[in-house]
Every structure is written in structure tokens, then in C-alpha cells.
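Report on the structure given below.
Everything numeric here is computed off the predicted structure, so don't read it as measured data. Naming: A, B, ... by sequence-line order, numbering from 1 per chain.
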Amino acid sequence: MIDSESTKNLSGQAFDRRDFLKVLGFGGTAVALSGCGNTSIEDGKETVVSYVEAKDYVIPGVAVYFNSTCAQCDAGCSITGKIREGRVLKLEGNPESSINRGKLCGLGQASVQHHYNPDRVREPLLRNGDKGQAISWEKAYELINEKLQGAKGEEVAFITGDVSGHQKVLLTNYIDSLGSKNHFVYEAVAPAVVRAGNLKSYGVEMPRYRIDKAKVVLSFGADFLGTWISPVHFAQQYAAFRKGVDGQRGVLIQAESKMTLTGANADRWLAVRPGTEGILALGIINALGIATGDVAELVKDYDRARVSRDTGVEPSNIDKIAAILRLRSPSLILAGSAAEGYVHGMQNADAINLLNHVLGNVGKTIEAPVSVPFPQLTQTKGNTASLKKLNDDLAAGKYKVLFNIATNPVYTAPASYKYGDSMAKAGFKVAFAHYLDETALQADLVLPLDSEMEDWGTHVPEYLADTAQINIQQPLMERLHANTRGMGDILLTLVKQRKPEEYKAFDDYYGYLRYAMLQNKAALGGSGDDDVFWNDTLSKGIVKLSGASGALSAKAAVEGLKLPQPEEADKQYPLRLIPSVTSNLRDGRHTNQPWIQESPDPLTTIVWDSWVEVHPKKALELGIVEGDIVKVTSKTGSVNVQVYVFPGIHPEAVSIPMGRGHEAMGRYAKGYGVNPFGIMDAVFEGSTGELAMHETRVNIAKTGQRVIVVKDEGPAGGKQMGRRVALSRSTDQVDLSKEV
Amino acid sequence: MSKRHLLALYGDFDQAEAVVKELRNTKISGFDVNDDMIVKSPIEHPEVEKFLGEKPVYVQWFTLIGAVLGGSLGFLGISSAQANFFMQMKGGKPIVPLPPNFVLTYELFILGGVYITILGFLICSGLPAKRSPLYNAKVSVDNIGILVKAEEAAVGALKAIFAKHKALEIQEEAGK
Amino acid sequence: MHRYLRFPFMLASFLVAVACHAATEQTLTTEDDLGPQVQQPIEFPHYRHAGNRNPVDPTNSDPTKGGMEINCQYCHTYARRSLTAGIPPLQKCVGCHQNIPTVRDKPRIVELFKYWDAKKAIPWKKVHDLPDFVRFNHERHIKRFIEQQGRPVQEVCGYCHGQVKEMVTARRQKPITMGWCVSCHMKEHVVVAKGAIPEGGTPIGKQDYWYTFQKPAETRNAEGELTAKGPNDCWLCHK
Amino acid sequence: MSVTNLLNNWAAVRHFHPIDDKPHDPYKWAMAIDLDACIGCNACAVACYAENNLPVVGREKFQHGQAMHWMRIERYWNEDSREFPDQGAEFLPMMCQQCEAAPCETVCPVGATNHTQDGLNSQIYNRCIGSRYCSANCPYKVRYFNWYDYPTTDNVWPAEMNYQLNPDVTVRGKGVMEKCTFCVQRLRAAEVTAKGEGRIVREGEVQTACQQSCPTNAISFGNLVDPESRVYKQWKAQQVDLAKDEQEKDKREGGTDLRGYRIFEDLRPYPSVMYLERVRESAV
Amino acid sequence: MKDIREDIAWAKINQDVMKSLENPRPLYWVILFFAVLTFGIGIGCEVYQYQMGMGVANLDNPHVWGLYIATFIFWIGMSHSGTLLSAILHLMHADWRKPIYRFAEAMTTFSLMTAGLFVMVHLGRLWQFYYAVPYPNERWVWPNFQSPLLWDAMAIFTYLSSSVLFLFVGMIPDLAIARDNMHSGWRKKLYTLLALGWEGTDRQWRNFRVTYLTIACFLIPLAVSVHSIVASDFGMSQQPGWHVTSFPPYFVAGALYSGCAAIITLFIILRYVFKFEDYMTLPILKKIVRLTFAIAMVWTYLNCIEFASVWYSHDAVSKDLLIQKMTGPYAPFWWAMIFCGSIVPLVFAIKRFQTNIPVLFATSLLLNLGMWLERWMIVSPTFSHGYYPWTWDHDQWPSMIQWGIVFGSFGWFTLLFMVFCKMFPSVSMYEVKEMVYHRTLHLKQNGASEQTVEQGVH
């Protein structure tokens, strides 16, 4: 219920947002229907706590809404928090944001559980043997200072996730002030190869995809509805795409080896032999027959018989796809896991992007990105190659001090890195953490961070939809635990240790942020009074900027495009492991949010556990059924995991979702499921050095145990048993033009 | 109150019958055979009625009243309860649906019938009550008892009749 | 009485008595049902703030002789905007009392300023406590009775809170049980006073309900008013 | 009192609903869910957990089938025996259908579930005694029973977690039935506001939590009586009539090209949720 | 094979029956011990369930009902045989019922009380059960009279109270005997109180006869309605497998069936424990066995009718459910039900076995098991295979708590029943006397030549 009026009312009022909303015990938090007890009136037993001072907009029993930014993933959705009696109750999407337009995914909804999580770190902890000892912040800062005195600049390393906005500025300044050049930006699941491929094909790393403008979308493993880049935004584009341009409903074709959420919504889902997506793309170019010049030369060998043999896609399907692509224009071809997963990922991406060029989609459904006028605020783009480098350096003993800022590489690094051992070689490890996760447990000093609902900040998402925007993150309620600190505040204190003069004007990060924003008031589109501008900015939660769009390179990059022949199956490890990224769990940093744990995986409906997906045909061949515990063994290691027989996977592949199998991180995460990173081989993409996630070969063997798979679907599985429940029809049976 | 009670016990039903016949045929002043004689038996003898003459039983009327009251008040009560202030639509059915109410009316009809019948039984048979002073436990075994109430003067005659028919035992209320 | 009839008669009289008791309409009244005297951190004198002025001389507003006749909503300001009436913030008390030097040294006010100086909220005790599954909406009742029908504030608040203006610390005076709430909803209430029907229909608009008895009456009553009963939807209060 | 009510309102209390009377004025809350737009992302389900204080039951109880998701996303496969599900999956968000003639209402022994004036199927937690008959009689099986005392003995909201609980929604203890309410706390707040202003709730003024979060706008919700509402227009365009157990369009020869339908319409619960069939491209 | 002797002294009848109030065989105490033990276990389970929530019974969301409801129907069904023996056979003047109807009537009462417990055990919020009672209350809220569960409550209340009254009224003359013969002590006082001053006067007997007959007349339709209403708990619902027209007669037949089976079991136990060999004679047993056989065949027939009507209907969902019952996870129990309910009673058709006590005892236990399974097979499969395939059950097996309470109920019933038989004359003395008296008369009229003519209705 975002009453637009209630948000509007706020904008006019001068208020100091540092004066937090106090948690008010009004009406009590537990509005419980009591059990066996008496529910009668108990006058004089409960206490009504009132405010000392209250703002006019604070009315007990009436919600106040504040805008902020979701920090659960890097898409940068704007949120509106519903606050009652000083407590954040629920998050909604902010309708003003062009990224999520008032919508919010399940992961975003769950971030209140990140905030209220009972397992958050509450005090700075210093390692004392196996235990953490609570210390004061002063002592923690002193300790860091002390340790840094004994280290040269190049002996200090930072590992962070994607970081943008003013935190990034402060962080960069701090790193510079230390004289370090070692900032590793690590994201376990990042479209790094896609970026590289795009740069090569279109001249930009991240163009704007216009699914809503396309009539046909052919996606090679890009799970844009579930996990890819900015899923909430793409889902909205998808809705428009389905409604259709000119009343013609958009057609989605998904080619991938393991069905993703996007694949589950496709009009045609093609099971492609893992790694041959590029071949299929070239085969389609060949079948289109409209390519000329060196492109035609390139694809001439990819006739449909060969492509069909290599990829496992039926020739008739290739023809149908070519026909519909030829017929309906513009279309949009997306490269997702096809690029990220393989040694030749870059080649795959090139081949797929070539298809866009051939079809003339570049400039139509692939648009140049909007540029942000403040390059210092833009997002540093994480990848996996950075972790590899850091790991090598750590193993070589290069670093004396390691700052681990809100990442969990001990959990997400492939087991063959032995990252934990590498990390141990650093002299002093500082972890900025919300929870005692696997990495924080190995640190010497753990600094508890505020949740994003207590902290100030700005974010500039990598993928910007219509216009450039800076997202404001502001506290939605007072700090839940007295001894946690905002990331910006910690960085400010640390940087003050180095450059006390430059930053002495700022008491806290809020002051810094306000100052920095007001300094650029004009560039941020503000005018007039500082307070008015500032309050207006805070109440909107977004600063929209006019950024120019660049141009895309029109020429396809064909040189060097050479796709390897699909490999013969390995005798010992005949199956390919696809560690799937699910929309709930991503890389596992949110596994400890119970709503996420209990939210069924959309495709398998499994909760609270990991599974390995096996195609029915393969399952029959191996004699396994649902619930069998199998041992999945790769060159690197093995895990025991329950089987889910799943038709949406190529028979040569098996898939284990990422995100579970935590050994730490609190009561909701620890001990549920298995971690596929633990058996991932360290194989890298040829040209970018990214971890090739789909290149792990495994075999599976029965262990003889069987369990009941914990899932939402009943024994009928996905069958409707003749009931009229979920109905569907084909486009020729329906007239969408009459619809509202 | 100068009447006295006499109880004679017989082991045989025929004997008892003979006694009753004789009592009926003999005119004894101070003793009315219809009002002052009670036959007690261990089991229900349908024959007793024959020789004592038809005596009316009113229990059925109680049953009728009870059943009718139970049914009608039940229906009205339930319908009224349904149409109270909190009348809430349920399942697309009317607020006062007839079939369920008929089912309940039926139950209440029986409930009323049974309860009032029992009440009628208690009233008509005069239970619960104190036992008469001349109660003899043998009646609950196998003896037939004839309890008579007579003027002092008639006692002797009655005793003679009882004795004549070989009464097993004659009990007599102590004189005043 | 005949001895046979004694027991049945007693039984029957008992049953009749029970039935009569059950059938008697329980009088759902506004009868007082005093709650416990609740010990508050500061003994707030409601009669001083909300009580009537000196009855002998209505123009005399000397607080030592009577109340200030402050509108309930002046302090319980949330009531008209929220489900809950709320307790005024400390700020509000101090706002006035810092300008009233005459009572500044009274122990209660000293206590009050102690809280204020410590910036600590006063832990008032709840006096009118409903079970957690009941949600009474103050706003709606104030809208209807005060704003739409222009009844006096103290009277309207008094429907449920009793004669607060005569109390020191508030004490529950009404039963506030479900049946008591409903006793009011069951009554025919004036929805349109004498005179013309305002523009756009009755104040409760086109909101006629299913059951005729809840619609505003078709015709005006003897006093020239249109009446209707209160809502009977369980889900209004129990959610 | 009651007898007077009975006699005065005899005609009213003998009406059958929804066939005999159309009492929904001014509100009848209803939904339309476009299965073609639904991508099965679960955002609605999580939003429901957040809005309605649903307990997370944990692995073991989920395994026992004691999950409490008022909104569940069902995933169906096409029923032919192809090697791959090459038309993708079918997702169906399932929640209480707020039937007009709800099978659950008649059977509740204590009247804890009723039909409200604005067309909802209410569930009164404090009246419920836990006979579970309603769930037994629900064809959609969308009612969820509190098998354990989640707030206390199960400690579902430990420590600060209970700060998140929505104060407008009662936290249910053990032994009561619960189900989707169409976010009645939001509806009632909006209705009361509108009533205070002497108008009815406008289209778009109130949203359910699931509708609000849905990234593809697959769920539309609104007042079926209000001709301005999107729901009204959708039901109208799809020729689905609330009070029919078989729609005219389905009787037409040669079928229909409209894709609106209601699940188990033939059982005559008159559900308030219309689904729009999923569409798949015929050209591929 | 000897029937009750016509020349038996009435005093001996009194003595024999009164002896049962004093010193039963040691087996009595063994049974009582186990009854208390099981009941205690049941109580423990219930306390645990009350504290933790219904989840400990391992019910789940589509599968909200389980053994509690099944066992509830079982006990309700069991109660019907008492009415059959005391009311129906009374109206038919079948005098062989006289020695055994008392305990059958007691069985009715106690099994109804047990069934009532299950309604309570089953409730999620037991402490609020009074919401279902239509009493005038401050809130002005009434229960929902449309709910078959409420009809159930009303019917069971009516039935229970009528049965208790019927049992009591029928026992007054015997209580008077007990009063007269009991040595002084609290029990004598109790009998004195309960006998209401019964003297056996002609007036009392006259009204007694009419009352007894009237209540018997009421009880018959009441008993039928009670189980029809239990059937409508299911029949009135919409679920496949429940929404069956033939459910009321099917339930009633099942009820009589299980009741008769239970009577055979208890007959054998009582006969031994209380040394009633002279009264609970084998010819009587033989008649019950024949009656049971007849009802078993009726039940089998109605079962077939139900399958046939499902089969010939076009209700795919119900058909699906039926197939599921036969082949799915419940198949072993379903087939066990068919075996115990339809095959095992064929033993009764064999004359040799009609008086063979060990065989009859074993068979009757199997019949009871079969009838209990029948109720379970009515309740559970519909939940695990209803309309909505998504929610079909995958893991539902009653927990030990649920089983514990079910077994506890048997303990509770046995306890009540055994205590009753020890406390009150479980053979109706005055009616045995009547029976003997009438037979004697009959013999007198027909002369001595015709002997041992079996009487009563066949």
C-alpha cells in the first residue's frame, strides 16, 4: 500500500534524518493469538511506551514510508520501506525507479530478515585462539592502525564485492592512502565474460537490452528472469514483451543445457549439449541465409545436419527458429551461461552476439548504455579472475594485511584454490561482516557491519534502465545493535587515520555523504536551498541524472572466432556438472534468511536442501530414482547429495544449485545442503581468465541411501492428472488483441 | 388414619391370582379392592392387568408434548440464533437454511421426546419415592406380594383370606 | 402437593428457571464495570486537564477551582488519524508546562521534568487493554461521531472511556467486551440528522449491505432522522 | 431480539448467494492472474510471508507437509512424454480463491469462516477451534493449519525477528486454521479511509502484497463492482461471470478464443480468482 | 449345547448375577490393569499433544484428518449394536436378547463416550471447545448450525443422553434387586439411591412398560440418524470418495456390523470373566453370529454398490481415488479391510464354527479390525488423493502419538465397560426371569413333548 500521498507528504517537510525513528513498543511486537492462555483484558499489565519527542509524520498505528535501495544483489532496485512505530515491517519497490518500477523480487523482500537476523555479529571480535573476543571499536581501529604500520602498501590487500557510490570513493581513497594497489573486486556469480564479449562485439561492456522492444528473444542460457544482471527490470520488460509490440506477442526461445527460470517460461526450450551454444548460433546464422561476406564464410560449414549432430538440437527446430527470426524483427539474442560456463566462453559469446549483428538488432533492441557523469561513483565490476589472482598472491605470502569486505570467498572459491589455507598466510585478516560466515571465521578481526536498513550510502547500479541514477541508501530505523557500524563510517574512520586533515570536517559518514552530494547539487539537478534539495533527495531515494548515451559499434567482430568441436565424453567423468544459480540463493550470501530457505526453488520446488538434477533418461540408465543419495565426484572432490529427477536438463549434464552447504553463517544456513563450489574444478575461460563454471566433469554413484526429498510438489509431481488446473493454449487459439 | 397395611407374599402366580379374585368377590367393609390393593411382582406380569382391570397409562401424552415442544422450539430457536445480529453468509447458502435446521429439529424432536417421556414415567409411576414400610425383599426375588390397606376391622378378614391361599408370609404394620 | 409430583415439579421448575435465564435478553448496557486502579508512573490528573470549569462560575477558568476543559484530542492527537489513540509525546506535556510556572514545583511536574531532562519516555501503563486479536479503530469512530455528526468530543470518547474528566489517572469504566461493543452496533444509530440529505447521499454513502436491517432505513423516524445499525462483519475487528 | 431479526428479515435470510442476489455493493474484491505473464519467480510468495506474519516452519516440518505458504507457486509440466519439457513449465500461483459459495464456510462448526460483505472469505482466528473441517472440504487445499505453536514453542521469530511482524495481522498460535486473506488488513484500512471521505476505494488505491511485488504485473486485483477497475475490465473482456458455474462462452460451439477460466468452476464454489491461460507460440 | 434352563430358580438368577458384582475371575483384574495402562498411555500422548500442538500427530496440510476421525466413526459405529439388541429386538419380541442386551446397551453408552473424547482430542484448540456449544453468551455469537459437525455434536449428545437414560430406566428393577441383596456399604447406598424406591408395584410396572417401549421406539430412528449424520460429515462435503449418496446406509450397516462383532467379542469375555455360562448361552451366541453374518453380507453389498456407483459415474476424480485406494500406498490396508470385512465373516456361515468360542473370538477381533480399517480407508485416502493433485500427500503416517491416543481409547472403553460390569448387573435379572417365565408358560401350553423350540425371531 504505497500511498503515493504519504511519500509525497514527507518531501515537503524539513527533517533531520539522523534523528532516527525510535522503536516504539506501541501495541507490542507480538500481536499473538495466545495459546492456551487467557486472552482477556489485562488492564495495567502492559506498558505503553510513548515518544519523548515525535515528528508530526510519526503517528503510532500509521505507517511511514522511506525510500532506500535494496542491497541484496547488484541490480540496484529502489525500495520503499514501511515503518511502523520505528520498526521496518516490509519493503516494497519504489515506483519512481526506472529499474524496478515499484516491484521487488523475493530476495529483495527477504532483506528485512537480513536486518533482523538473530545471527548477526554484534560486537567487534578479535581472534583469541578459536574464539572471538568482543572488543571496543577504538581498540579495533587502533589494532588496524598498528598492523598497518608494520606493512608496506603493497603488502595490504582488499577484497570486496561490487562496490559503487561514495563508499567506493572512500574505499579507493583509503586504499590509495595506504599506497596499496591491491583491490580485488570479486563476485562469484558475475557476467564477466559477457561483458568482455559485449565489449568486443558492441564496443561497450553492458549495453541496454530492450526485451520489451523485441518480437523474438533467443537466449543462450541468459536467465534474465531469475538471476541475470537485473532480473526485476528484465521481468518487467518481459511482461511488455509478452503483451507484444503491435499486439503481436513476443516469442521467447531459450537454448541451454539446464533449464533456468527463464527457460521454464520459454515458448520453446532447447536442450543444448553443454558448450555447443556457439555452434547453434552459427548454425542459425547459416540457416537464416542472410549473412554476407566474412560472416557467410564463417558459418558456411555449420549446416543444419552438423549443427544438429553437435548440439543435439533437431534440424526442424533450427529451421523454425531461423524462420521466425527472419519473419519477425527486431529480435534480441542474449548470451548468458553459454558464455560464462566454458573455456571457449568468449567464442560462444562472440558467435551469439554475431547473430545480433546479422539480424540487425544492434541499435534496435540493443541500445547504448547511459553513462553516469560521475565515473568515480560507478560500480567496480566484480569477477572471478580477481579471486584467482588474490589467491595466488596470498599463497605466495605477498600480503601482511588482508581486508575482506563483505565477501565470502572461503565459501565460494573452488575447493582446489584452497583459499582458506592461502588466507591463513596473510598476517592479519580483517573481515567486515554481517555474520560469522566461513570467511569471517578465519579472520583475526571481525568488524560488524550495519545492515543496509541502518546504513547510509549511495549506489550506482551497473545496469541502468532509462536514465542514469544514483540510488540513495538511508537508514529505515535506528540501529538494532548498538555496536555495529556502517561501512562508510568505518571507512571514514580508517581513512581519517591516514589523512586526518582532509577528512576532519566530517564527523560521520552521513556528514560526508551530505557534503559530497550538496557539493554537486547543480550536477545532480538540484537548485535552491541545500536542505530542501537534500530532503527532497532523501524522500525520493533516487537522484536521476541526465547522462548521454554513447554509440555501439555497428561492425560485427568475426576475426578470431573459432569454436571448438564438442568434446567426447570423458570415460571416468562422463557428466558435466552445471552449478546452477537459482533466483533465491544466488551465490549463497543470503542463505541464512529463512524466507529464502523456505521459498521453494521454482523449478524443483525443493526447500532447505540441495539436490542434483538428473535427466529421467540418465536416471533410468543409472538406476536411480528421486531421493537417492548419490556421490557426485569430480577430479577435485565429491559430495553426497539427493537426486531430483528433472526433465529440463541435458542428459549429459547434472546440476547442483549454488548457495547451500554453508559450514557457518548461523542457524538458518549452517548444515543445509551441499556446496558445489567444493567440487568445482579450477578451469578457466581462455581469454578472460574467468572461472569456467560448467567445465567440471563428474560421475555419480549410488550410495544406497534414500531420503524423502523435501519439496512442495506432491507425489503427482508436475502432472495435473486430468484436472483443469493450469491451462495453456497456443497463440493460434487465442486472440490477445481483445484483452485488457 | 386408622388404616393398616398388610402384605402377603405368594410363591406362585396362580395363588396370587386366586387371592385377588377372592378379595374382589368378598365384600369386606373398610377395604376397597380397587383403591387399597397393590400387587407387587418381581417381573412384569401382563396377566396382572387382566385381573386388576384396565388402568390408564398417561406416559404417551408426555411423549407427545415433549417431542412437539422439542421440535418446534428447536427449529425456532435455531432459526432465530442464525438470524441474530452477526448473520454471516456461509457457502452461498441462505442465512436460515432449511435442510440443516430440519436435521437439527429432528434431533431435538427426539431429545425432547425422550426427556419428557422419562419425566412422565417418573411422574406417573411416582418415582422416586420412599419404599412402603412393608416392603419385602422377596418380592424382588420371586414372590408376588399383595399389599392391602384396610380399616382395623377388616384386617382379620383379609388375613384369613391370605392364609387360606397359603400365603408364604404375612406381614403386618404395627398397630397405632 | 402430591408426593409423586414433588420431585418432577422441582426438576421442571429448575429447567424452566434455566430456560428463562437463557432466554432472557442479556441486557447489554453501558453499565459501569470498573477496571483495576492502575498505578501510573506519574499520577496524571485528568480531571484537571479535561474536567469542567468551576461549575459555580462558568467563566472562571482558575485551574485550582476546576478543570481546564482541554479537548481530549488535544493530547490524544493520534486518535483521529490512527487506529490507536496513543499517548502524547512528552514534548507535548512539557510544551505547555514550561510556560506554567505556578505548578512548576508540584511533585508531579518535577517528576515530569525529570523524565524530560533524561530524554526518557514515561512508561505509562495501558488502561484500556484489548486482546491482541482485536483491532478497534479510533479514527473511524471519531470521524463518524465527532466529525460527521458533530457530537461533543467528551461525550463521544466517554461512550467507551467513561467519565475520564472526573478521574485522576484513567481507570477503565466500561466492560469493553465483545458483547458490549456489539450492543452499540446493534442499536439503530442516526446516520442522517433532521434536515436535507447531504449531497452524495448519506454519510455512509452507497454502502448498503446485504441484509436489509443494516441498510439505512428507507424512511425517517419520528424525529426526522435516518438510522442504521453498525457493521457486523467479524473481519472488521478480528484480522 | 433475534426472533425479531428473523421475522423482519425473512426474505433476506432466505436468499441464495450468488445466484439469487448480487449484493456486492460497493465492493467485491477479486483477482485476475495472467498465467502467461507469471514467471514463477516466487516474489509474491515471499511478499506474502512478509506481509502476513507467516511462520517459517523449517526443513523437518516442511517435509511433513506442514508448510504455511498462503501463496504457493505450482509448477506443472505438459503431460506428454517428450524427452524434454520443450515448452517450458506452467506456473500457477495458488492461494485462497475467496469463493462466493465457499465449501469451507458451511462446514465450520463455530462459524469462524464466513462470507463478508465485500466478497471475501473471512477467517476469524480467535473463533477457530481447529476442527480442520474447512480444509478437508476445500477443493483447492489452500488452507493451512497451525500444527505447532510457531511464535512460542517453535520460536520462529527469535530475538529481533519479531520486530518484523506486521502489527495489523494477528500472529497465529497453535491450533487455528489460516489462509490467504487478500491482505484484508490493507483492504479494510483503505475502505475505512474511503468511508471517512464519503467515497469508495479507487482503483489502484489498494494492492495486495503479492500483486504489489509481482514484477510482471501478472496479478491484478481490485473491485469487481467498479467498472473502472482493471479486474472488472478483464473479467468482462474474458466473459467470465462471477455467479455462473459454467460460462456462456464455454457452451459456445467451436470453443472460444478467450483464455479466462476459473479453476474447478464446475464444483460450484464460484471462485473470485480468474486465471488467464498460459499461451505458447505455435510457430515454434 | 444348552440353553437357559426353564426350571432355573429365580433366586439362583439373583444370586448368580449378584455374584458378578462381587468376585469375578482373576482375568478381570488383568484386563482392568491393561485397560488402565493403555488409557494412561493415551492420556500421556494427549497431554503432550495438547502442549505441543496437533503437529505431533503427524498430520499435515492437505491431510488434516487422520486416525482420530476414523476411530471416532469406529466408536460411533460400535454404539449401534446396543440399540439394535435393546430396542429393535425388543420391539420384535426376540426374547433371546434378554440376557445380553444390558451389556450391549452399556457398550453403546461407553463407546459413545469414547467417540465424544475423539471429537475433543481432534480439536486444535481443545480449550475453546465450548465455542461449538450453542449456549447464550455475552458475545451473541452462535455456532454454525449448517455444519455437519454441529449436527454430529447434537446427534451424539441426544443419542448419548437417551442411551444413558434408556440404560438406566431399564436397569431400575435390577437396581432394586441389587439394593435388596447387597450387604450394607456404599454400594448399597448407591443402589438404593439409583433404584429410586422401586418396589415392583403394578402401577410402576405398567408405566415402566410403556416408557421402555416408547424410548425404544425413539432410539431406533435416533441411532439411524446418528450414523447418517456422521456419514453426512463426509457425504455433505465435496471431496471425491466422500460425496457419495449411499454413505448413510453404508455407514449404518457398517455400524451395526462392527457393533455386532464387538458384541461377540465382549460376550465371550464377559461369559468367561463373570461366569455367566448359564445365561450367556451358546444358542444366544449362535443367533448373534447369524445376525452378524447377515449384516456382513449387507455391508459387503453396500460396499460393492459404492464401487459400482463410482465406477459407472463419470466422475473421473472419484474413480481415480478408488483406483488409488486399491493400488496406492493405502492398498495393503484397503485390501485388509476387504478381507476382514467380507471374507472373514464367511466363517460364520459354517455351522461348526457358530458356537466355537476360540474361532468366534478370533474372527470377531478380525471383524473389528476390518471395520476400523474401513473407517480409516474412508477418511485418509481422500486427503492424500483429493481434487488438487499438487497437494497430494507424500509423507503421512500417523505418529506414535496418534497411535497412542487411538490405543488409549480402547483402554478407556475397556476400563469404563469393565468397571460398569463389576458395578452393575450386566445381565438383566428381571428380564431373564421374564424369559424363563414365558418359556415355562409356553411349555405348559404346548405340553412337554415339544422341547427346546428356539424362540424369538430369526
Answer with side chain, backbone, both or neither: which region of [X] has an atom nearer than 4.5 Å to a non-hydrogen atom of chain D?
X	answer
D319(A)	neither
F241(A)	neither
Q733(A)	backbone
L736(A)	side chain
V607(A)	side chain
I596(A)	neither
R120(A)	neither
H481(A)	side chain
L225(A)	both
T262(A)	neither
A266(A)	backbone

Portion of [X] that has a non-hydrogen atom of chain A nearer than 4.5 angstrom:
X	value
P55(D)	backbone
A45(D)	neither
V156(D)	backbone
Q234(D)	both
E60(D)	neither
D266(D)	neither
Y140(D)	neither

Heavy atoms only, distances under 4.5 angstrom: which of [options] has the most pairs with chain A? Name it, please.
options	value
Y275(D), Y261(D), W157(D)	Y261(D)
T256(D), T152(D), I73(D)	T256(D)
N217(D), D34(D), L35(D), D36(D)	D36(D)
S220(D), P85(D), G40(D)	P85(D)
C41(D), C214(D), A218(D), A283(D)	C214(D)
A237(D), P158(D), G175(D)	P158(D)

Between [X] and [Y], is there a side-chain N and carboxylate O pair less than 4.0 Å apart?
X	Y	value
D226(D)	R202(D)	no
R84(A)	D168(D)	yes
E281(D)	R268(A)	no
E739(A)	R249(A)	no
D86(D)	R280(D)	no

Sidechain-backbone polar pair: [X] side chain, [Y] backbone, donor-acceptor under 3.5 Å:
X	Y	value
S111(A)	H114(A)	no
Q97(D)	P271(D)	no
E203(D)	R230(D)	yes
N53(D)	L165(D)	no
N146(D)	V176(D)	yes
R729(A)	L258(D)	yes

Report task. Report the C-alpha separation of Y148(D) and K174(D) in whole Å, then their side-chain angles, then the decisive distance to 0.1 Å, and conclude whether the side chain to side chain contact (heavy atoms under 4.5 Å, CB included) test is met. Result -> CA-CA 5 Å; Y148(D) 294 91; K174(D) 69 182 170 200; 5.7 Å; no
Taking the side chain as every heavy atom from C-beta outward, state whether [X] and [Y] have any atom pair closer than 4.5 Å.
X	Y	answer
C38(D)	L92(D)	no
F182(D)	V206(D)	no
N162(D)	Y116(A)	no
S230(A)	I99(A)	yes
W608(A)	V56(D)	yes
Q164(D)	Q113(A)	no

Which of [options] touches chain D most, by non-hydrogen pairs under 4.5 Å:
options	answer
N317(A), N100(A), V112(A), L603(A)	L603(A)
S728(A), A239(A), G106(A), S730(A)	S728(A)
D609(A), L270(A), V88(A)	D609(A)

Query raised in the report: Which residues satisfy the salt bridge (Lys or Arg N to Asp or Glu O under 4.0 Å) test with K90(A), sequence neighbours excluded?
Result: E92(A)
Query raised in the report: Can you name the residues of residues 231-238 of chain A that have some heavy atom under 4.5 Å away from a heavy atom in chain D?
Result: V232(A), A235(A), Q236(A), Y238(A)
